[in-house]
Amino acid sequence: MSKLLRLLGVLVGAGAGTMVAAALGSALAHPGNRLDLINHAAPFLIVGGIVLCAAVLFFLPANRMRLVYVVATAIATVPFIGRVLPESVAAAQLERVDADPAIPQIRIIWLNAFSFNADTSQAVAYLRDSGADIIAVSERIGDDTAFFDPLATAYPHRIDCNVGPYCAVTIMAKAPLEPVTPPARLRDLAAQQPEEGWFRLRYAAVVAAVPTVHGAMPLTLLAVHMQRPSLPAAFAANLHQLSVLSETLPSSTAIVVGDFNATPWSNALQDVDRVVGLPRLTRALATWPVRPATRLQIPMPVPLLPIDHAFAGRDWRVISVRAGPRVGSDHLPVELTLQWAGPLPQAPPPQGP
């Protein structure tokens, strides 16, 4: 029994040391290093800290070391609670409005369609029958006819990413779309990056028309697929380009959707929030992963991390923002329904006799 207690003491001490090291790494994290990866795991570290404290109190005898382990673990867990709690509160407080058929609305779906999914029929059927006004997808190259051709009837208007051969971001819509011309500064930044690499921001940007009783109202939509923060130099380059692009977006009417590969409690997404400059509507909305994970093909009954996000300007109000169903991708779709709250276009003057 004494050997078992000693073993438990060693394991608990190692766990407490790991929690303290994780808390220190979190505090030292910044966009130029990989320590921010610790923050992406904040919810799991909170659970681990709670379980570890319970194990200390239950298994170890009451002595000074037990107190040290409990206090060290609890203190190390607090910073992660501080990261996750505000997002959870924001999710609970997200303001929603009731749909009013007399007010213009827009329904948008974002989906990372997963480039390694050989059978896209489920994703195609979902998008085709979704009834969305606009769909934006990533990880399907523009010449993927098996994916895009079945969608062309329902969504005849299409704009592909044009910043390199590996930029698989596409926007499709029922109504006409106009491509947004990238600012010269962004083109200069992109030209400095390897064409085949991940340093170029993968995106598509369009101006769409929202119909109103007085005519069409323009909407700017940006769809983005950012690099993983595990490659900090590439993520930082993407972030810089996103910052330049975001400066050109109209702050009241723009909508931004995408796979940002970053969780809300990470420094990475906090930087994205800052450079996009629009309210983020997805709050603690887990979308990844939903396919069997690792080489062992471990089933994923629920998604674990919120890495797909949506932002909208101040003239939009949320009717609904939610994760869609499983469609064969490793991501869930993000389904966004918004209602206009800004000024409507002026009615045309009456015609003379």
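Values below: every heavy atom of this structure, side chains too, minus hydrogens, waters and symmetry copies.
In terms of heavy atoms, Glu87 sits closest to Pro264 at CD-CB, 3.2 Å. Closest approach of Cys167 and Arg202 over heavy atoms only: SG-CA, 3.4 Å. Taking each heavy atom of Leu219 and Thr253 in turn, the nearest pair found is CD1-O, 3.1 Å.
Between atom NE2 of residue His40 and atom CD1 of residue Ile38 there is a gap of 10.5 Å, rounded to the nearest 0.5 Å.
Of the charged side-chain nitrogens involved, at least one lies within less than 4.0 Å of a carboxylate oxygen, so that Asp160 and Arg158 count as a salt-bridged pair. A salt bridge between Asp273 and Arg280 is present, with a side-chain N of the basic residue lying under 4.0 Å from a carboxylate O of the acidic one. For Asp271 and Arg274, the salt-bridge test passes: some basic side-chain N is under 4.0 Å from an acidic carboxylate O.
Environment of CG in Asp98: sparse, with no more than 12 heavy atoms of neighbouring residues, nucleotides or ligands closer than 6.0 Å. Enclosure of atom CH2 in Trp288 is not indicated, since only 12 or fewer non-hydrogen atoms of other residues, nucleotides or ligands lie within 6.0 angstrom. When the shell of 6.0 Å around CZ of Arg326 is examined, it contains more than 12 heavy atoms from other residues, nucleotides or ligands. With a 6.0 Å radius and a threshold of 12 heavy atoms from other residues, nucleotides or ligands, Glu178 has its CD atom at or below the threshold. The local environment of CZ in Arg187 is crowded, with over 12 non-hydrogen atoms from other residues, nucleotides or ligands closer than 6.0 Å.
Note on ring orientation: taking the six-membered ring where Trp is involved, the planes of Phe260 and His309 are tilted (angle from 30° to 60°). Under the 30°/60° scheme for interplanar angles, the aromatic rings of Trp110 and His225 are found to stand perpendicular.
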